[in-house]
Participant: 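Got a structure for you, questions after.
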Amino acid sequence: MRLFDGNSIKRKLMGIIMFTSSTAVILACVAFAVYDVIRFRMAQVEDIRSIAGIIAANSVAPLEFSDSKAGKENLEALRSDSHIVLAAIYTREGKIFATYRRSGNLPLPDQPGKVGGYHEDGYLKLFYPISLDKERVGTLFIQSDEEQMYSHVKLYGGIVALILLGSLFVSYMISSRLQSMISDPILHLTETADQVAAGKDYSVRVSKHNVEENELGVLVDRFNEMLSHIQERDTALHKINAELDERVKERTRELESEIEERKKIEEKLRHSALELKRSNQDLSDFASIASHDLKEPLRKVISFGERLKAHCEAFLDDQARDYIARMESAVGRMQILIDSLLQLSRVSTKAQPFVSVDLKQVVEEVMDDLEILLKNSGGTVNIGNLPTMDADALQMRQLFQNLIANALKFKKEGVPPIVTVSSTNSDGRILEIRVEDNGIGFDQKFAERIFKPFERLHGRAHYEGSGVGLAICQKIVARHNGMINAQSELGKGAVFIITLKQA
Amino acid sequence: MEYQVKAAFVNNFIKFIDWPEAVFPDNKTPLIINVFGETPLLEGLKMLEDTQVKGHPLSIRPAKGLQDLGVSHIVFFSFSEKHRVNEILHSLGGRNILTVGETEGFCEAGGIINFTRVNDKIHFEINIEAAQKAGLAISSKLLRLATIVRTRGGD
């Protein structure tokens, strides 16, 4: 219904009031109209019936004496009623005795019908008995049009329409005043709610002016209560937000200073790493230059020693010869030391780029180099499964040479040395190469010390060497991004394990 | 045919005419019709003899002379008795009897109802004065159908 489409509660209220009142009015009017029509019809039948009574009484004698002329004259009395259009008298046998017609050519019932009044085809039809001393002598028929009723109904309809219009107007006037009692507080409430929503201002309150103490009053109260709750929470929230903001700022400041500090440390770290690299470089350079330059005077010492021996052979006593022999021995040791030092420094200074290297082939070549040593010691080398990998070929050769030579060197007295070189490749990422021997071994507590340059576990008298071999090994493995460590027990052989990360 | 209608008319007259109450002490008292003269009406009336009119049984009796008129409520004079009409009417004066005739001048002579013919239809005349003398009340409904006639000369 269009009346209820409006979004305004005002219009809805007015609509409801007007709809209700007009429905009531229509219902009342319809009820009255129906009642009136029924009453009117009954009255009409009564009217016709009373007329019929007179006509019937007057028709008895004409019927009894078959005087149809008198009967017709009798019926002519009906002419005074303009609504009676047709009438007839039937004899007791049901034959038409006399007729009356106002106009037109309406059909007359052939036979008298049942006594009584009927509304039929827009006419009122009445059959009335004609009796004499309780004896039925004939029937009177009267037919009346219902013009009277139609005009009555029309009049009634007009009145109903007028009443309806009037009541609609009055209910409009009343409802437009009364609806404000309900709609005004609600509209005010809505306005305030809008204001709150738009401005986020929770301090406003709905005024209770003109609001009765009913559900609307309660609604306004609750709304105001709600607003004050929200206001409280809003304030609290603002406070917490401010605190949180402060805390965040504080923490940010802390973090900033922390970051600053870390940056400084990092910078320092980088600086020291750089310095370390440089000093390492310096050291290598120094070692290389020093050992190179040291060899020159050494060669002079050796050659002058030999000249001294050859030239003064005749003048030298046993003691002098012993001195010269000792000097030569010391010079020889020094030469080895310098060579080893040179080798150690060369790991970084003479590094070659990585190429694909077949480790098995490398070990076989090393065995060729160590042929004499192997023969002298009576040892054997077992070569297991070894892979091909990217590496510095020369350094790899040096690595295995040092390790295998070491294993052969520290053999048990009277036991031919057996060296096994093998590798495992667990999960394809870490390559583990093992060099095992059955030599004299060492105490596990020295497992780290043996990799330091010039460190010796055994006296020079028993095992010759510079004490730099394992240090070189460690340096080579480190250059290949790996680690080397040793596991041993005194007298039970040793295992050197090289762990390499594969790319 | 004519006398059947007249018999029916006579029967109907009873319905529109009231006799003094003393004449009919109770409902069982028969209503006696005397017929003067030879007439087919007698046969027509005889056919009605078993019926009841206004609750009274009908009794039809032929009459030859005044001596035959004992208790009587209706006396019919047939056309054949027209020469005796005056005499008999005179002798019946004052009694509660409905006199019915079929002779011209019957009502003028003091009879109460007389059959006539108008346009080949049976009609009737009524002498109200004579009816009042006989103590009979005639319904206006009947009077409306009749031709009203007065006694000629009078007493």
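As a basis for the values below, the full set of heavy atoms in this structure was taken, side chains included, without hydrogen atoms, waters or symmetry mates. None of the values given here were measured: they were computed from a predicted structure. First the proteins, then the strands, lettered A, B, ... as listed; each starts at 1.
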Participant: In terms of heavy-atom proximity below 4.5 Å to chain B, should A:Ser59 be classed as side chain, backbone, both, or neither?
Facilitator: neither
Participant: Report which part of B:Phe16 has an atom under 4.5 Å of a heavy atom belonging to chain A: side chain, backbone, both, or neither.
Facilitator: side chain
Participant: Surrounding OH of A:Tyr118 (heavy atoms of other residues, nucleotides or ligands, distance under 6.0 Å), is the total greater than 12?
Facilitator: yes
Participant: Got more than 12 heavy atoms from elsewhere within 6.0 Å of NZ, A:Lys125?
Facilitator: yes
Participant: With a 4.5 angstrom heavy-atom cut-off, which part of B:Phe124 approaches chain A: side chain, backbone, both or neither?
Facilitator: side chain
Participant: Just wondering, are more than 12 heavy atoms of other shown residues or ligands nearer than 6.0 Å to CZ in A:Arg101?
Facilitator: yes
Participant: With distance as the sole criterion, is a donor-acceptor pair present between the side chains of B:Arg144 and A:Asn74 under 3.5 Å?
Facilitator: no
Participant: Flag the pair A:Phe65 / B:Ile122 as yes when at least one side-chain heavy-atom distance between them is below 4.5 Å, and no otherwise.
Facilitator: no
Participant: Does atom CD of B:Glu104 have more than 12 heavy-atom neighbours from other groups under 6.0 Å away?
Facilitator: no
Participant: Hey, is CZ on B:Arg117 packed in by over 12 heavy atoms from elsewhere, all under 6.0 Å?
Facilitator: yes
Participant: Rounded to the nearest 0.5 Å, what separation is found between the OG atom of B:Ser139 and the CG atom of A:Leu132?
Facilitator: 8.5 Å
Participant: Taking OH in A:Tyr156 as the centre, count heavy atoms belonging to other residues, nucleotides or ligands within less than 6.0 Å. Is the count above 12?
Facilitator: yes
Participant: Rounded to the nearest 0.5 Å, what separates atom NZ in B:Lys54 from atom CD in A:Glu135?
Facilitator: 12.5 Å
Participant: What heavy-atom pair brings B:Leu145 and A:Ala70 nearest, and what distance separates the two atoms?
Facilitator: CD2-CB, 3.3 Å
Participant: Using 4.0 Å as the upper bound for N to carboxylate O, is an ion pair formed by B:Lys141 and A:Glu64?
Facilitator: no
